[in-house]
Amino acid sequence: MGKTKKNVWKPVGINLENANELICFEQLTDYKIVRGEIGESNHSDDEDVPRKKQKRKKKPSNSQKLQKNAVKRKNSNIDSSVPHKKTKNAVCSEKQMPEVAADVINSEPDLEHVDSWKQFSLPEPILKALAVKKFERPTEIQKLTLPEAMLKRKDILGAAETGSGKTLAFAIPIVASILEAEENGKNISDTLWALIITPTRELTIQVGNHIRDLCRFTNIKVQEIVGGLSVDKQNRKLHEKPQIIVATPGRIWEMVRKGQEHLAEIHKIRFLVIDEADRMFEKNHFEEFPCLLERINHPAEKLTTEYRRQTFVFSATLSLSHAPPSYVLKKKRNKTKQSVKISSEEKLKAFINLLELKHPSIVDITKKNVLAEGIQENVVLCPMDEKDYYLYYILKMHHGKKIIFANSVGCVKRLHRLLNLLECDPKLLFADMAQNQRLKNLENFEKKPNGLLLATDVAARGLDIPDIDIIIHYQIPRTSEIYVHRSGRSVRGMSAQGTSIALCSPGENHFYTKIRNTLGKDQKYPSYTIGRPEIFAAVKKAVDISRNIERIETKTRNAQLNANWIEKCAKEMDILLDDDEKPEKLNDQSRKKQQLEIKRLKAELRSLVSRPVLPLQESLKYPKFETVQSYIAQCSQNKS
Ligand SMILES: Nc1ncnc2c1ncn2[C@@H]1O[C@H](COP(=O)(O)OP(=O)(O)OP(=O)(O)O)[C@@H](O)[C@H]1O
């Protein structure tokens, strides 16, 4: 809701006999929506104006946008209070970092704050970058990985909860190794040194930015290579010969296959990182990934000790063990006549064999329940067709940033239409969307304190967006891994808290039970409570109206599409349709009637959704239900 100005409240005549806890109903008239910090409405006309103006401006290219984002991130992290002193390693030319250079070069981060990193003998530019980020001490996974990777030069299989800092655990050894090689007089400024593979484009860009942050006091070049953006532009970027490439498997393989010059010696990379490794090795996904691995591990190119490569394999669910899917189970049972459950050790062994790793260090600090500490879990058990009520209720009752996950694109699209009608301003993210739209939606979501993202599992892994309060599983995910990763979008870095709410219909109950079993939880479901039944009733009404509008609009749209298709086919085949073959179309009168009905429903809906659900100034950060309860108690005291 926006803040209101010039409010005029007018009593509304409604029968309140059965609404015990309801205080009153009023209609707000003569108001003006002012964009506020909490819950901006997408219905407001104010929002459209600058957008239209922006359209006229020449749009920046995608790569410009990405670069701008990277710069924005850099600037937001820079502590400019202390003067800068150039050091041997930190030869950062102003030409290379034009926009950040001024701040960075004039500031000398205080290395006292990063004392606890000094045990790893990190090069000074890395310590400075950590100081700028205010990362005072390593996280657990970093503490355990760095000595193995940097001092013992081991391959690593790393498993730690979501949001625990795995990116730096593999990035620091790479950057340190480049700096060390330079220090030893090697000219490797144009050498492809490390390749990092991640499963999604957004994650690739995020990891690229993260590493660029780490390299801000160096000359190291980092480049992202992802599908969906121009191949030519990315080709040009590779002509700059980046030392670190972060990529999705499909696009990088395409470029390797086509003989891209900088990738010609990909078998000589010193570091290979497979982030979200369990996802990368999933059957029928990333078909190009085995080809890429084969090229990197080409037997004819057996490397001398000089080129010994280190491989880092990371994921929050790397060692999560559970029974395979039922269809695999059935097949195996027929053969072995016994139940098969892959153990954590077997799973890790499979990665070691697939990647041909020799004596890797296994750093597995996942806890029994795998989920990140600080995530509060809840479940709503409800019939399928009531999920929309609970969803909207949760959105209305709790402030903060939220992500709604669904299993299919169709479901996400339907919810998008519904939540738009309910003025929740959801941003969409699914794999088939144009890449620039995906990035734009993510950026818009990130910016808003009460942002709402509606996504498929393309957003489930790795995305590191600060301050996400609530994750809603609109549909129960089919695997425990997805549940862990989805929920893990809410608790990032040190000392964060978040909530994961699953909407579970009777038909999904066995999936939910299986997830709980795999994650070692007991069978007592942590139930979500409806604190305000009267609000739930109002929410239900609004959802019903929206569904009604959505149903009418979808029906009309589908009928129109069908009619167009039949007519197009008939024209292409040069066939004249008989009257009874012609697709049914609404006549003018029916169309007008339908439009009036939609108009009426929309007006009714608007009056419902424009009213604040809770007349409290205070924001209801989940799960502070006691705030509502004490408000009700206070109101009834005032009444009596
Ligand atoms: N030592 C540190 N101190 C404070 N914050 C840190 C530290 N290391 C990393 N972070 C921050 O923690 C957040 C999560 O880090 P990162 O994205 O690497 O987690 P992750 O373990 O890879 O999570 P996921 O499994 O979900 O991909 C990031 O915002 C990162 O900047």
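Just so it is clear, the structure is predicted and the values come from calculations on it, not from any experiment. In listed order, ligands and their atoms are each counted from 1.
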Test your reading of the structure: does A316 have an N or O sitting under 3.5 Å from an N or O of ligand 1? no
Ignoring hydrogens and angles, state whether a donor on the side chain of S500 or S487 is under 3.5 Å from an acceptor on the partner side chain. yes
Within-shell test, R489 vs ligand 1, heavy atom, strictly < 4.0 Å: yes
Aromatic rings F314 and F170: how do their planes relate, parallel, tilted or perpendicular, breaks at 30° and 60°? tilted
Using a heavy-atom cut-off of under 4.0 Å, does the side chain or the backbone of T139 touch ligand 1, or both, or neither? both
Heavy-atom gap F170 to ligand 1 smaller than 4.0 Å: no
Is the shortest N/O to N/O distance between T162 and ligand 1 below 3.5 Å? no
Charged N-O contact under 4.0 Å between R153 and D155: no
Near E276, which atoms of ligand 1 are under 4.0 Å from a heavy atom of that residue? 27 (O)
Would you mind running through ligand 1 and noting each atom that sits below 4.0 Å from a heavy atom of K166? 18 (O), 19 (O), 20 (P), 21 (O), 22 (O), 23 (O), 24 (P), 25 (O)
Sub-6.0 Å ring centroid separation between F351 and F281: yes
With a 4.0 Å cut-off on heavy atoms, does H210 reach ligand 1? yes
For E161, atoms of ligand 1 separated by under 4.0 Å from a heavy atom: 21 (O)
Check each heavy atom of K133 against ligand 1 and say whether those closer than 4.0 Å belong to the side chain, the backbone, both or neither. neither
Show me which atoms of ligand 1 lie under 4.0 Å from any heavy atom of S164. 19 (O), 20 (P), 21 (O)
Can you tell me if K221 uses its side chain to pair, donor with acceptor, with the backbone of E240 under 3.5 Å? yes
Does a donor on one side chain and an acceptor on the other come within less than 3.5 Å for R201 and Q435? yes
Is there a donor in the side chain of T317 and an acceptor in the side chain of E481, or the other way round, less than 3.5 Å apart? no
Between the candidates F314, F135, W117, which shows the shortest non-hydrogen contact distance to atom 5 (N) of ligand 1? F135
Check each atom of ligand 1 against the heavy atoms of L168 and keep those under 4.0 Å away; list them by number with element. 8 (N)
Let's go through I196 and I245 carefully: what are the C-alpha distance in whole Å and the side-chain angles of both, what is the deciding distance for side-chain contact (heavy atoms from CB on, under 4.5 Å) to 0.1 Å, and is it a yes or a no? CA-CA 6 Å; I196 298 156; I245 292 182; over 6 Å; no
Just by distance, no angles: are the side chains of T204 and T198 close enough, under 3.5 Å, to form a donor-acceptor pair? yes
Which atoms from ligand 1 have a heavy atom of R137 less than 4.0 Å away? 1 (N), 2 (C), 3 (N)
Number the atoms of ligand 1 from 1 as they appear, then name those within less than 4.0 Å of a heavy atom of T167, with their elements. 16 (P), 17 (O), 18 (O), 22 (O)
Salt bridge K401-D469, side-chain N to carboxylate O under 4.0 Å: no
For H473 and Y483, take the angle between the two ring planes, folded into 0 to 90°, and tell me which bin it lands in: parallel under 30, tilted 30 to 60, perpendicular over 60. parallel
Is there a nitrogen or oxygen of D464 sitting under 3.5 Å from a nitrogen or oxygen of ligand 1? yes
Are any of the heavy atoms in G163 under 4.0 Å away from ligand 1? yes
Select the closest option to atom 26 (O) of ligand 1 among E140, H485, R461, R492, judged by heavy-atom distance. R492
Indicate the atoms forming the closest heavy-atom contact of H485 with A316, along with that distance. CE1-CB, 3.9 Å
Tell me, please: is E136 in heavy-atom contact with ligand 1, that is, under 4.0 Å? no
